[in-house]
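What follows is a single structure, written as structure tokens, with notes after it.
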Amino acid sequence: MTAAQFRAQTAPMDQVPDPQVPERPRPPRTYPAGYKLRILGEYEQLDKAGKGALLRREGLYTSLISEWRKQRDKGALAALGEAKRRGRPPTDPLVRENTRLAAENARLRAQLARQAKVLEVQGELSALLSRLAASSATQEPSEPTDPAQTSR
């Protein structure tokens with residue numbers, strides 16, 4: 001090796017690689033069902049060397065191929081990812097509206113029951129006060145209320 005070749009190999013790099021880890025890791029790859037079926041078909045037609053080349057070209061692992069094969073053998077494209085939905089299943093708008101109205105109906109019934117109880121208590125209180133007022137009107141006061149009458 002000549003001195004020029006040695007300096008060329010040990011010369012400082014133009015760009016220093018960033019040693020920082022990215023903020024968020026890359027999410028797992030997802031594969032559409034058509035892609036999985038195409039790769040499975042191609043994979044099964046190749047010999048051992050061709051299979052390895054296919055896996056390297058596509059950046060896949062044999063574990064993915066075997067998992068896709070199991071899904072395909074179960075017989076459903078839905079298992080291959082097309083019909084699978086994640087998260088909460090969608091609800092029917094009529095069911096949602098019915099649930100909302102039932103909750104509102106229960107709330108209003110409870111409010112109506114409280115108001116009926118208040119009216120009942122107010123009625124009993126009014127009747128009691130009326131009886132007290134009537135009984136006090138028929139009785140003579142035990143103490144005179146006018147101070148001028150007590151001095152006579």
Side-chain angles (χ1 to χ4, degrees), residues 1-139 141:
M1 179 183 282
T2 64
Q5 290 173 338
F6 183 74
R7 278 192 302 270
Q9 287 183 354
T10 59
M13 296 172 31
D14 292 339
Q15 293 181 346
V16 177
D18 186 15
Q20 294 294 323
V21 176
E23 288 181 28
R24 279 192 270 155
R26 191 175 76 205
R29 287 175 58 183
T30 58
Y31 304 95
Y35 174 78
K36 292 178 183 182
L37 288 174
R38 182 177 58 82
I39 293 297
L40 278 176
E42 190 176 340
Y43 183 82
E44 291 172 347
Q45 293 176 357
L46 298 173
D47 62 343
K48 187 172 184 175
K51 289 178 180 180
L54 172 69
L55 293 175
R56 284 189 298 277
R57 182 187 76 213
E58 297 293 330
L60 302 173
Y61 295 96
T62 55
S63 60
L64 275 176
I65 297 294
S66 60
E67 184 65 30
W68 294 351
R69 191 177 289 132
K70 286 177 192 175
Q71 290 174 349
R72 183 198 59 198
D73 291 344
K74 284 182 183 175
L77 276 177
L80 290 175
E82 285 294 307
K84 217 177 217 181
R85 291 187 54 130
R86 293 185 180 176
R88 182 180 293 173
T91 59
D92 185 20
L94 293 176
V95 171
R96 190 177 5 176
E97 180 71 7
N98 190 14
T99 305
R100 185 188 68 78
L101 290 174
E104 183 180 359
N105 192 354
R107 181 184 59 82
L108 291 174
R109 285 182 189 272
Q111 182 181 0
L112 182 62
R114 283 192 307 270
Q115 289 174 349
K117 189 69 172 171
V118 166
L119 286 176
E120 180 184 337
V121 169
Q122 285 178 344
E124 291 173 2
L125 182 62
S126 177
L128 180 63
L129 290 176
S130 296
R131 278 187 281 158
L132 285 175
S135 67
S136 67
T138 58
Q139 292 179 353

Drop me the distance from [X]'s [atom1] to [Y]'s [atom2], to the nearest 0.5 angstrom.
X	Y	atom1	atom2	result
Tyr31	Leu60	OH	CG	5.0 Å
Glu44	Leu54	CD	CG	11.0 Å
Glu104	Leu108	CD	CG	5.5 Å
Arg96	Leu101	CZ	CG	12.5 Å

Does any donor atom in the side chain of Glu58 or Tyr35 lie under 3.5 Å from an acceptor atom in the other side chain?
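Yes.
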So, for [X] and [Y], which heavy atoms are closest and what is the spacing to 0.1 Å?
X	Y	value
Ser63	Ser66	O-OG, 2.9 Å
Lys51	Leu46	CE-O, 3.2 Å
Pro32	Thr30	CD-O, 4.1 Å

Just jot down the side chain to side chain donor-acceptor pair (under 3.5 Å) partners of Arg131, sequence neighbours excluded, or say none.
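Side chain to side chain donor-acceptor pair (under 3.5 Å) list for Arg131, sorted by chain: empty.
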Below 6.0 angstrom between ring centroids: does that apply to Tyr43 and Trp68?
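No, the ring centres sit 6.0 Å or more apart.
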Short question: side chain of Thr99, backbone of Val95 - any donor-acceptor pair under 3.5 Å?
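Answer holds: yes.
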Around atom CZ of Arg109, are there more than 12 heavy atoms of other residues, nucleotides or ligands at under 6.0 Å?
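Not buried by this count: 12 neighbours or fewer within 6.0 Å.
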